[in-house]
Protein chains: 2
Amino acid sequence: MTERRSAPARRRAGIPDATVARLPLYLRSLHALADDGVRTVSSEELARLAGGSAGSPAKVRKDLSHLGTSGTRGVGYDVAQLIDSISAELGLARRWPVVLVGVGNLGHALAGYGGFASRGFPIAALFDADPDRLGELVGGVRVRPMTELPDVVRAQGGAIGVIATPAEAAQEVCDQLVAAGVRSVLNFAPTALAVPDGVDVRKVDLAVELQILSFHEHRKSARVEVPA
Amino acid sequence: MTERRSAPARRRAGIPDATVARLPLYLRSLHALADDGVRTVSSEELARLAGGSAGSPAKVRKDLSHLGTSGTRGVGYDVAQLIDSISAELGLARRWPVVLVGVGNLGHALAGYGGFASRGFPIAALFDADPDRLGELVGGVRVRPMTELPDVVRAQGGAIGVIATPAEAAQEVCDQLVAAGVRSVLNFAPTALAVPDGVDVRKVDLAVELQILSFHEHRKSARVEVPA
DNA sequence: GAGTGTGAACGTCTTCACAGCA
DNA sequence: TGCTGTGAAGACGTTCACACTC
C-alpha cells in the first residue's frame, strides 16, 4: 500500500486503505455500466464486474458504506450517483497534472499511453537528465531539463510525480521532486525510496510481479510431483 | 494479491501471501548488498533497505523464519545464503519464459525493457492481432500471429503470459493464453479477467495507482483547509 | 421478494516483548 | 552483548447473518 514512514499509526477521518485501493476498481466498472446505459447495479453484480480482490458482495457493501451510504434496499445502487460520490472521495473532481521524469523505454511508453490523460491525469511535463533528449517531443510534450522542474510544479499548483528512471537515479530524482513541492510519487524504478513525512510513494515493480507469479507457478509444479 | 476465484480458503503448505509479496523486495536489496561485497545483514538493516511495506525488523524476521531459518543470533543473516533460499522459494532456479501479447505502446516498452530478462524472465515470444505488426522485430524478438501461441507455449514447456492489449481485447486474449496452457498471467489492461481455477492473475493498472495517490493528495489538501 | 446496511464472529497480518543462542 | 526466533497480544480486514427498507 502507500508507503508510510515512521508514524505509529494512521488515523484518518475514516476510509480504510484496503477500501481506497478498491474504489478505483468499482469506478472503472461503473463507468462501463454507465456507457451501456445501465441505471442501477447490485452489490453482487458490481462485485462480479470489479472482480479479483474486489470480488465479494459483502465487501462491496462495506466499502460503499464508507462513502455515506447511497444504495436503495431492494433495488441496488444508482450508477450515476455512485460514480459521483466515488469520484468526489478520490479527489477526481480536480484534474491532477503529472510530471514524468525519465524518458527512456518505459517513460516513453507511459508518455504515449493515452490512459493517463483520459482518466484525469494529463501529462504536464517530461524531464530527462540526458541532454540529447532535451527538446524532443514525446506524445506532443517537450522534454525539459531537470532545472525547470520547480517552475513547472509551481505553475501547475502541485503535481503527481512519476519516476521512470534507472534505479541508480531514482532517489536523487525523488529528492528533487520533493524539493519542488511534489507530495505524491509513483515509482517505477526498482528501488525503495526514502521520503519525508507527508509524502506518499506508491511503487510498481514489474519484476516483482513476475517473481510473485513465479512463486505460484513453482508451487503448482511442486504439487504435481508430490501429490500430498 | 493474487486473484483467487471462488475457493472457500487457500491453505498452502505454509508461506502467507503477504510474506510472498515481500520476498522479492528482500531479494532485490540482498543482491545490491552482495554486489557491494557485504557478507551479512541484520533484520534492521534489511528492513531499512527494502523499505516501504517491508520496513520493520520484526516483520523481516517473521518473514524469513518461514524459509526454515537461516540467521545467526548476535550476527545477522548470511547474504549469499539468504539469496539462495529466497530464490529457491520463489522458484527462480528455473528461468520462466514470458509470452507478451499486444505490441502497442506499452507492450513495446515492456519488450524493450531489459529488466525482465536480466531477472530471469526472458521474453520468449511476442504476439499481436494486428497483421501490420507481424514480423516486426522488437527488442530482437519477432512479432507473431496469435495462431502460433499454443505451439510456442508447448515448446517452452509452460510460460507466464503478459497482456498489454487494449481493455476490449484482454479477456479474449486471456482465454487464448489459458487454452494454450498458461497458468500465470500478468494483466496490464484495465479490466478484470475471469479465469478458471488453477490460473493466477496479477494486475497492474497505472490509472488505478494514480487514483489512489489522488485520494491521498485530496486528503492532504482538505486537511490544510479544515485543520481539525 | 430483493437487496442494502451493519454488528459480531472470524481469520490474517503486524507488532511486541523476551527467551535463547552465538 | 547483540541479534535472531517466536509465542502472545493487538490491529486490521473479511465474511457472516440478519434486521431493515423499498
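All chains are named by letter (A, B, ...) in the order of the sequence lines, taking the proteins before the strands, and each is independently numbered beginning at 1.
- No side-chain heavy atom of B/S56 sits under 4.5 Å from any side-chain heavy atom of B/K62.
- For the pair B/E44 CD and D/dG2 P, the computed distance is 12 Å after rounding to whole Å.
- Annotation: side chain of A/I15 is in contact with side chain of A/E89 (closest heavy-atom distance under 4.5 Å).
- Whole-Å rounding puts the A/R39 CZ to C/dG3 P distance at 18 Å.
- Between A/S184 and B/E217, the side chains place a donor N or O and an acceptor N or O closer than 3.5 Å (distance only, hydrogens not considered).
- Following rounding to the nearest Å, A/E45 (CD) and C/dG3 (C1') show an atom-to-atom distance of 13 Å.
- Using a 4.0 Å heavy-atom criterion, one finds that A/S70 contacts the sugar-phosphate atoms exclusively.
- Evaluation of the salt bridge (charged side-chain N to carboxylate O under 4.0 Å, His left out) rule for A/R22 yields A/D63 as partners, not counting sequence neighbours.
- Between B/S43 and D/dC3 there is no side-chain N or O to OP1 or OP2 distance below 4.0 Å.
- Between B/L46 atom CG and D/dT4 atom C1' the separation is 13 Å, expressed in whole Å.
- In this structure, of C/dC13, D/dT4, D/dG13, it is C/dC13 that holds the atom nearest to the side chain of B/D17.
- Computed from coordinates, the A/I15 CD1 to D/dC12 C1' distance equals 16 Å when rounded to whole Å.
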At under 4.0 Å between heavy atoms, which parts of nucleotides 14-22 of chain C does protein reach? Answer with one letter per nucleotide, 5' to 3': B base, S sugar-phosphate only, - none.
SB-B--BBS

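- Salt-bridge annotation for B/E44 and B/R61: absent, with no side-chain N of the basic residue lying under 4.0 Å from a carboxylate O of the acidic one.
- The separation between B/D78 atom CG and D/dC3 atom C1' is 15 Å, rounded to whole Å.
- Between A/R219 and B/D200 no salt bridge is recorded (no basic side-chain N to carboxylate O distance below 4.0 Å).
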